[in-house]
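Presented below is the structure to which this report refers.
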Number of protein chains: 2
Amino acid sequence: MRKLYFEDFAVGQVFSTGRHRIDKDQIIGFARQYDPQYYHLDEEAAKESPFKGLAASGWHTAAITMRLMVDGEFKPAGGILGVGFDQLSWSKPVRPGDELYVKSEVLELRPSKSRPDRGTLRVRNTTFNQNDEAVQSFTANLLVPRRSPAS
Amino acid sequence: MRKLYFEDFAVGQVFSTGRHRIDKDQIIGFARQYDPQYYHLDEEAAKESPFKGLAASGWHTAAITMRLMVDGEFKPAGGILGVGFDQLSWSKPVRPGDELYVKSEVLELRPSKSRPDRGTLRVRNTTFNQNDEAVQSFTANLLVPRRSPAS
C-alpha cells in the first residue's frame, strides 16, 4: 500500500482497518501481565463488578487498536508515530467474542513551525465492535514527514 | 494494603509504585504483537528512525504503567477503574535497560451528581525512568466508591 506524506492528507479523510476477534484467553492473558484486576481475570467474580461480566483491560483495547491501525489503510510515511493523545474514552466494555475494527478520521493538519520537513496530523481513532458500537476513541497527534520541504 | 474510598482522597496526595526494568526482548515481544513498526522491532534499523535507536511502543509503556499502578500504593476500593484519559504524552523514548516507576498525584475530587455512592478522581500519572526523567504522563478519570453515600 502507498505510503502517505503530509501533503497527501486532507481534513475529513477516513481510513479503515481489518477486524480482530478477542476471546476470553486473550483478555485474561493480557490482564495477567499488565492489568491484573478481578474484572479482567475472573469471569465469575466480574459479574459482581461495575462491568457486570468479564471485560478487556482498556489498555488491551488500546493495544489491539494500534495493531489494527498498523495493519490497516492508514499508512503515513515513516510509520504511525504518536507524540501524544487526548480525550481517550472507553465508552463500552469489550467482551469475549467481540470483533473490533477501527476508523481513523483526519481532523486537522498542522505544518511544523520549526521543521519544514514534517507536520502534525490530528486524527480521531474510534474502535467499534461487531455491532458498530464505539468501545474506545481517542485523538492522536502524529508526526508525518513531508514529501517536499515547506517553502 | 488498605483500600481507599472517595472520602480518603485529597487533592495533592501522591502515590508511588515499585520499579519495572524493561529489556530488548520485552520491547520486541510487545511490538510484534501490538505495534510491529521497525523502530520497535529492529535495533539496527531503529538507529535511522526519529527515535535514533530501539524504543518501546508507547502502548507498551502505558501497559507497564498500569501494571506498576495495580501493584503500587494507589489502591482505590473497587480497583483502578478508568472511564477515560486525557493529555497523554510520551516525552522521551523508553530504551532497553530502562527502569520505570510511576507517581500518581490527585488533582481533583468530583462527587457524582447522579450517584451518591461514588465519585470521580482526577489523577495525573507520570512514568519516570531510572534518571528520574518523565517518559510518559496522562491524566485519568477514575470511578471510586464512597464509604458512605453522600447526603
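Every chain is numbered from 1, with letters handed out A, B, ... down the list of sequences. Note that the structure is a prediction, hence the values are computed from the model and not measured.
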Could you tell me which portion of Pro50(A) (side chain, backbone, both or neither) has an atom closer than 4.5 angstrom to a non-hydrogen atom of chain B?
-> side chain

For Phe51(B) and Leu81(A), what are the C-alpha separation, side-chain angles and deciding distance, and is it a side chain to side chain contact (heavy atoms under 4.5 Å, CB included)?
-> CA-CA 10 Å; Phe51(B) 293 110; Leu81(A) 193 58; 3.3 Å; yes

Nearest 0.5 Å please: distance from the CG atom of Asp86(A) over to the CZ atom of Phe138(B).
-> 14.0 Å

Is there a path from Ile22(B) to Leu54(B) through hydrophobic residues (I, L, V, M, F, W, Y) whose side chains come within less than 4.5 Å of each other?
-> yes

Do the side chains of Tyr38(B) and Ile28(B) join up, straight or via other hydrophobic residues, at under 4.5 Å, putting them in one cluster?
-> no

Taking every heavy atom of Gly78(B) against every heavy atom of Tyr39(A), the minimum-distance pair comes out as O-CE2, 3.4 Å

Supply the atom-to-atom distance Met66(A) CE to His60(B) NE2, rounded to the nearest 0.5 angstrom.
-> 14.0 Å

Answer with side chain, backbone, both or neither: which region of Arg118(A) has an atom nearer than 4.5 Å to a non-hydrogen atom of chain B?
-> neither

Of all of Gly79(A), Gly58(A), Ala31(A), which one pairs up most often with chain B through heavy atoms under 4.5 Å apart?
-> Gly79(A)

Ring centroid separation for Phe85(A) and Trp59(B), is it under 6.0 angstrom?
-> yes

Give, for atom CD of Gln37(A) and atom CZ of Arg67(B), the distance between the pair rounded to the nearest 0.5 Å.
-> 10.5 Å

Examine whether an atom of Val83(A) lies under 4.5 Å from a heavy atom of chain B, and if so say whether it belongs to the side chain, the backbone or both; otherwise answer neither.
-> backbone

Co-membership, hydrophobic cluster, residues Tyr5(B) and Leu121(B), 4.5 Å side-chain = no

Linking I/L/V/M/F/W/Y whenever any side-chain heavy atoms sit under 4.5 Å apart, do Leu41(A) and Met69(B) land together?
-> yes

Got a sec: does the CZ of Arg32(A) have more than 12 other heavy atoms crowding it under 6.0 Å?
-> no

CG/Asp35(B) to OG1/Thr65(A) distance, rounded to the nearest 0.5 angstrom?
-> 11.5 Å

Greater than 12 external heavy atoms within 6.0 Å of Glu7(A)'s CD | yes

So which heavy atom on Phe30(A) is nearest to which on Ala63(B), and how close?
-> CZ-CB, 4.1 Å

With rounding to the nearest 0.5 Å, note down the distance linking CG in Leu88(A) to CD in Gln87(B).
-> 12.5 Å

Using non-hydrogen atoms and a 4.5 Å limit, figure out which bit of Ile80(B) sits close to chain A: side chain, backbone, both or neither.
-> both

The interface call for Gln136(B) against chain A, heavy-atom contacts under 4.5 Å, is neither

Honestly curious: do Phe128(A) and Leu68(A) fall in one hydrophobic cluster under the side-chain, below-4.5 Å linking rule?
-> no

For Tyr101(A), look at atom OH and say whether over 12 heavy atoms of other residues, nucleotides or ligands are found less than 6.0 Å away.
-> yes

